[in-house]
Amino acid sequence: MQYIDELKKIGISLGYLLGVLLLSTLLLVTLYYFNIIGHKTYQVLQFIIPAISFLTGGFAIGKRASQKGWLEGLKLGGVTSLLFLLFTYFGLGQGLSLQNMIYFLIILAVVTFGSMIGINYKKQD
């Protein structure tokens, strides 16, 4: 039963992460398509939006954690990195590169940081 609760926690947080990522990316692409934002702004937001979504996912799992928010963040970051690695390898046909490894390490760091913030915002009973 404990494993089901853990999977539920990770699933909900992954849902927040992917939801924020997809909705904000859709909004960004729509704004860029209609020339509301410029190319430079688009490039900057292309980097900021995933960071915010990873931070949101980490915050969500941190709020649900009872202790050790950093460990919960590492779990979620590991799952997210693994999903992106599989998508990159099988979906896009790209191999493992140094740039991808750095990106996955950034994902781990941002999600872990978000979970450490989230555990501090928990309501104290």
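Just so you know, these numbers come straight off a predicted model, no measurement behind them.
Side-chain atoms of Leu23 and Leu27, non-hydrogen and from C-beta on, never get closer than 4.5 Å to each other. Residues Lys9 and Lys63 have side chains not in contact (no heavy-atom distance under 4.5 Å, counting atoms from C-beta outward). A 4.5 Å side-chain heavy-atom check between Ile36 and Thr30 finds every atom pair outside the cut-off. Looking only at side-chain heavy atoms (C-beta outward), Thr56 and Leu21 stay at 4.5 Å or farther from each other. Counting heavy atoms from C-beta outward, Ser53 and Tyr16 have side chains that stay 4.5 Å or more apart.
Here NZ of Lys75 is found 10.5 Å from OG of Ser115. Values are rounded to the nearest 0.5 Å. Here the CD1 atom belonging to Ile119 is positioned 11.0 Å from the CH2 atom belonging to Trp70, to the nearest 0.5 angstrom. From Ile10, atom CD1 reaches atom CZ of Arg64 across 12.0 Å, with rounding to the nearest 0.5 Å.
Leu17 and Phe54 make their closest contact through CD1-CD2, 3.5 Å (heavy atoms, listed as atom of the first residue, atom of the second, distance). Across every non-hydrogen atom of Leu76 and Gly57, the tightest pair is CD2-O, 3.4 Å.
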Open item on the list: Evaluate Phe87 against Leu83 for side-chain contact (heavy atoms from CB on, under 4.5 Å), listing each step before the verdict.
Closed with: CA-CA 6 Å; Phe87 177 74; Leu83 287 174; over 6 Å; no
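Using a 4.5 Å cut-off between side-chain heavy atoms of Ile, Leu, Val, Met, Phe, Trp and Tyr, with links allowed through other members, Leu98 and Ile106 fall into the same hydrophobic cluster. Val79 and Met101 fall within the same hydrophobic cluster, where Ile, Leu, Val, Met, Phe, Trp and Tyr residues are linked whenever their side-chain heavy atoms come under 4.5 Å apart, directly or through other members.
The aromatic ring centroids of Phe59 and Tyr121 lie less than 6.0 Å from each other.
Under a 3.5 Å cut-off, the side chain of Thr41 and the backbone N or O of Ile37 do not form any donor-acceptor pair.
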